[in-house]
There are 2 protein chains.
Amino acid sequence: MAAPESASVATPYGGLSLTHSSTVDRVAEELRRAVFEGELEAGTPLREVAIADSLGVARSTVREALGLLVAEGIAVREPNRGVSVASPDPEAITDVVRARAVLEVAGVRRWASASEEAREAVRTALREYAAAVAAEASYQQLNERHLALHLSFVGLHESPRLVAMAETLIAELKVALAQIDRIRRNAHDQAGSHTHLLELLDGGDVEAAATDLEAHLADAEVAIREALFRAP
Amino acid sequence: MAAPESASVATPYGGLSLTHSSTVDRVAEELRRAVFEGELEAGTPLREVAIADSLGVARSTVREALGLLVAEGIAVREPNRGVSVASPDPEAITDVVRARAVLEVAGVRRWASASEEAREAVRTALREYAAAVAAEASYQQLNERHLALHLSFVGLHESPRLVAMAETLIAELKVALAQIDRIRRNAHDQAGSHTHLLELLDGGDVEAAATDLEAHLADAEVAIREALFRAP
DNA sequence: ATCGTCAGATTGTCGGACAATCAGTCAACG
DNA sequence: CGTTGACTGATTGTCCGACAATCTGACGAT
């Protein structure tokens, strides 16, 4: 069903794109990076003026960037008290994991009816994760790949909005993970578990894969909670 | 598990609250209202200065409010071209309905394991919807109650984040519905269908309810699409 | 028909300003 | 001794004015 080209030829410039990076975006990106890499501890207040002249931008610009972080759940704003890095409490962890479980498990259940493209995305995400594990990559690399794999499960829905939601959930989770970065989680012996999951999927046993994933998420939740809230 | 009160008595002020309404919030709320009530057609550009001195506030305040609307999917921002009311295209409708289906159906499937509180919320939502139908309430009233009912399905997850997500999805949908408000959808002969669904749930046949809901959403999608994109 | 160029409008960003609110201190008071 | 009230400094919420960069549309030149 080709769209009727308005006379003349179709333009051959379909493959071009240009990323418009506004100052606000760059500020927000820098703040995200600082949070995810643990430079900014949870609960740290993000002072507008301090950030502004630290980055050489106007306060209004910083304000707008902070609004973005708040919308993404990376930071929280208290009226007249400013915004600070979100400090994950136990309920938040539970809720995020539960929400993720809904999105990811439902995605996995769609495995059979998903597009081959989406399925292939899962496979490559797993490959890259496994490669990072084998190469004993940095903790942050592992995290990144691991979460990307989970995101690819949601991608099986082929719904941009569901993926966007999963992304903000994962962003919130990354704030928590950044806190236990130093504690050096023992995690990431999980590569095998994920491989098993994919085998189940390719073998057609979707239900087993779904329950597997659910168990994995439940495990992850208690692991994170213990690392965070059983502090010395 | 009562929290250990730090000596002395527990404060008897638990039931107090105070809603801090910033100017930004009020501006955003006014804009939402205008969009949902059809005063602002889809695609209408939201000029910062015009809104600013129309409401008697500063431009920066309006900018921040617009940022909120964009984050909620009610409006879209194009770089250097400002923000305008989101104009739903067919893909967006499909995607929103698909995402809703995932959240709502998964919620309904949790009926048995949900808290009695959440289940009761569904029942009262249905009652209020039915009452509105019986009273031949205004089109907007019906819409409001109908969507509240669907939101209560998501509430069965008892996950604040999933509910928040469903709310933004519904907000996006309301923009579309505002467009066909004038066209006076025939809809809302659906009260019976929902009552049937609840009977299935209370009877324990969760699966039947889930497939019912799925069918209902699919119907709604084509209805909306036809009303929107088969213009005279 | 395509390409410069120009004027007008609008956004993106800046800088400064001020009242309102908040956290902390500390003295006064019952 | 615990509560209250007043003071100070810091920070946010909001406003105002300004300017460069960018988009839109028209107009004329090639």
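Residue numbers begin at 1 in each chain, while the letters A, B, ... track the order of the sequences.
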- Sidechain-backbone polar pair: A:H157 side chain, B:R98 backbone, donor-acceptor under 3.5 Å: no
- Query: If you look at every strand shown and take non-hydrogen atoms under 4.0 Å, does B:R47 touch a base, only sugar-phosphate, or nothing?
  - Reply: sugar-phosphate
- Query: On DNA chain C, nearest-nucleotide positions of A:T23 versus A:P79: which is more 5'?
  - Reply: A:T23
- Task: Name the orientation class of the two ring planes belonging to A:H216 and A:H146 (parallel below 30°, tilted from 30 to 60°, perpendicular beyond 60°).
- Result: tilted
- Query: How would you list, by chain and number, every residue that makes a salt bridge (charged side-chain N to carboxylate O under 4.0 Å, His left out) with B:R32, sequence neighbours excluded?
  - Reply: B:E29, B:E72
- Task: Look only at the side chain of A:R119 and the backbone of A:A114, and say whether a donor-acceptor pair between them is shorter than 3.5 Å.
- Result: yes
- Taking only side-chain nitrogens and oxygens of A:T61, does any of them come within less than 4.0 Å of OP1 or OP2 of C:dG12? no
- Tell me, please, the opening and closing nucleotides of DNA chain D, 5' to 3', among those with an atom under 4.0 angstrom from a non-hydrogen atom of chain B. D:dT14 to D:dT24
- Message: Can you tell me whether the side chain of B:R77 and the base of C:dG12 have a donor-acceptor pair closer than 3.5 Å?
- Response: no
- Query: Which whole-number value in Å describes the distance from B:E78 CD to C:dG12 C1'?
  - Reply: 15 Å
- Message: What contact category does A:R63 fall into here, base, sugar-phosphate, or nothing, at under 4.0 angstrom with non-hydrogen atoms?
- Response: base
- Item | Residue whose nearest DNA chain D nucleotide is more 5′ - B:V62 or A:R81 | A:R81
- For A:T94 and A:R225, does a side-chain donor sit closer than 3.5 Å to a side-chain acceptor? yes
- Quick one: which residue pairs count as a side-chain hydrogen bond (donor to acceptor under 3.5 Å, both in side chains) with a foot in residues 45-59 of chain A, not counting sequence neighbours? A:E48-A:R59, A:E48-A:R63
- Task: Report the nucleotide, chosen from C:dC14, C:dC22, C:dG12, that has the shortest atom-to-atom distance to any side-chain atom of A:A58.
- Result: C:dC14
- Rounded interatomic separation in angstrom, taking CD from A:E48 and P from C:dC14: 14 Å
